[in-house]
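This report refers to the structure that appears directly beneath it.
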Amino acid sequence: MGYWLIKSEPFKYPFSKLVEDGKTTWDGVRNFEARNNLRAMKKGDYALYYHSNEGKEIVGVARVSRAAYQDPTTTEDWSVVDFEPVKALAQPVTLAAIREMPKLKDMALLKKSRLSVGPVTKPEFDAILRSSKTKL
DNA sequence: GCCAACGTTGGC
DNA sequence: GCCAACGTTGGC
């Protein structure tokens, strides 16, 4: 089981929209490292859903419903993954709160702030859920 | 293969 | 809206 963190700007595609849609295709990734992370995802993997710019907080959990395949919006070598919503966090976890937790200081989110699709370890994932008062 | 220029992301 | 960080591109 893998754990990930995906970023979206809320005005573009907020978590609430994913809940509404039931599923979405994560396209538009144009960064090699992010693409490789997409390709490493397996169906059933969990992803923390982070709102960048506005909010700057993790607001929900999504799950990979279809593993990586060719990005249909381009003929170049990029990949997409399909996500379905799992649940919204009872309490969002802000970037500031993440920074304050010693356990989370090594998160890819902090270390590589510009990476839009990054890995999360199981302990990190659990710590985020705990602090959000959410159980899957 | 280096590195300057450029574009984009994302926090503030 | 600004700007720092950083990935990518392209000239040499």
Side-chain angles (χ1 to χ4, degrees):
Chain A
M1 176 64 67
Y3 299 90
W4 308 92
L5 181 140
I6 55 178
K7 287 188 197 175
S8 181
E9 300 185 47
F11 75 86
K12 206 170 143 202
Y13 196 87
F15 185 73
S16 57
K17 185 76 163 52
L18 175 60
V19 172
E20 204 181 302
D21 292 348
K23 89 174 200 71
T24 195
T25 297
W26 211 256
D27 60 15
V29 169
R30 293 294 180 269
N31 168 284
F32 294 117
E33 193 175 353
R35 182 191 69 182
N36 292 341
N37 287 329
L38 284 181
R39 289 179 179 175
M41 290 181 187
K42 295 181 298 290
K43 186 178 153 91
D45 281 0
Y46 288 107
L48 297 169
Y49 201 105
Y50 178 79
H51 281 172
S52 61
N53 284 316
E54 286 171 52
K56 282 170 289 174
E57 56 191 8
I58 296 172
V59 294
V61 179
R63 187 191 303 132
V64 177
S65 60
R66 182 177 171 190
Y69 55 100
Q70 172 63 36
D71 187 334
T73 65
T74 178
T75 53
E76 289 176 48
D77 188 26
W78 296 106
S79 295
V80 297
V81 159
D82 287 352
F83 285 107
E84 60 190 5
V86 176
K87 65 162 53 173
L89 297 186
Q91 221 175 272
V93 181
T94 64
L95 183 62
I98 292 168
R99 282 224 179 88
E100 281 167 18
M101 284 192 265
K103 257 187 218 167
L104 301 179
K105 69 174 171 48
D106 291 326
M107 275 190 80
L109 175 68
L110 302 182
K111 290 271 170 89
K112 301 197 161 191
S113 62
R114 295 186 48 205
L115 187 63
S116 59
V117 180
V120 173
T121 65
K122 175 99 168 66
E124 288 166 353
F125 186 83
D126 290 344
I128 297 279
L129 282 198
R130 206 173 314 122
S131 106
S132 72
K133 305 199 173 14
T134 308
K135 280 200 165 53
L136 288 187

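Reminder, nothing fancy here: chain letters follow the sequence lines and each chain counts from 1.
Distance, A/I6 CD1 to B/dG10 C1': 17 Å, rounded to whole Å. The CD-C1' distance, from A/E54 to C/dG1, rounds to 14 Å in whole Å. Counting to the nearest Å, the P atom of B/dT9 and the CG atom of A/L109 are 16 Å from each other.
The pair A/D77-A/R35 meets the salt-bridge criterion, since a charged nitrogen lies less than 4.0 angstrom from a carboxylate oxygen.
Just one of A/V59, A/V93, A/V61, A/L48 meets the side-chain contact (heavy atoms from CB on, under 4.5 Å) condition when paired with A/S132; it is A/V93.
Below 30°, between 30° and 60°, or above 60°: for A/Y49 and A/F15 the angle between ring planes is above 60°, a perpendicular geometry.
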Protein-nucleic acid N or O pairs under 3.5 Å, nucleotides 2-8 of chain C:
{"from": "C/dA5", "atom 1": "N3", "to": "A/R114", "atom 2": "NH1", "distance (Å)": "3.2"}
{"from": "C/dC6", "atom 1": "O4'", "to": "A/R114", "atom 2": "NH1", "distance (Å)": "3.1"}
{"from": "C/dC6", "atom 1": "O2", "to": "A/R114", "atom 2": "NH1", "distance (Å)": "2.3"}
{"from": "C/dT8", "atom 1": "OP1", "to": "A/F32", "atom 2": "N", "distance (Å)": "3.3"}

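Taking a 4.0 Å limit (strictly below) on heavy-atom distances, residues 92-105 of chain A reaches DNA chain B at A/L95, A/R99. Non-hydrogen atoms lying under 4.0 Å from DNA chain B are contributed by A/K7, all within residues 7-17 of chain A.
Side-chain contact between A/V81 and A/I6 is absent, with no heavy-atom pair separated by less than 4.5 Å. A/K112 places a side-chain heavy atom less than 4.5 Å from the side chain of A/E33. With contacts defined as side-chain heavy-atom distances shorter than 4.5 Å, the pair A/K103/A/R130 qualifies.
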Can you give the donor-acceptor pairs under 3.5 Å from side chains of residues 119-126 of chain A to other protein atoms, not counting sequence neighbours?
{"from": "A/T121", "atom 1": "OG1", "to": "A/E124", "atom 2": "N", "distance (Å)": "3.2"}
{"from": "A/T121", "atom 1": "OG1", "to": "A/E124", "atom 2": "OE1", "distance (Å)": "3.3"}
{"from": "A/K122", "atom 1": "NZ", "to": "A/D126", "atom 2": "OD1", "distance (Å)": "3.2"}
{"from": "A/K122", "atom 1": "NZ", "to": "A/D126", "atom 2": "OD2", "distance (Å)": "2.9"}
{"from": "A/E124", "atom 1": "OE1", "to": "A/T121", "atom 2": "N", "distance (Å)": "2.9"}

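The side chain of A/Y50 contributes an N or O atom lying less than 4.0 Å from OP1 or OP2 of B/dG11.
Residues meeting the ring-ring contact (aromatic ring centres under 6.0 Å, His included) test with A/Y69, sequence neighbours left out: none. With sequence neighbours excluded, the residues satisfying side-chain contact (heavy atoms from CB on, under 4.5 Å) with A/E20 are A/K17.
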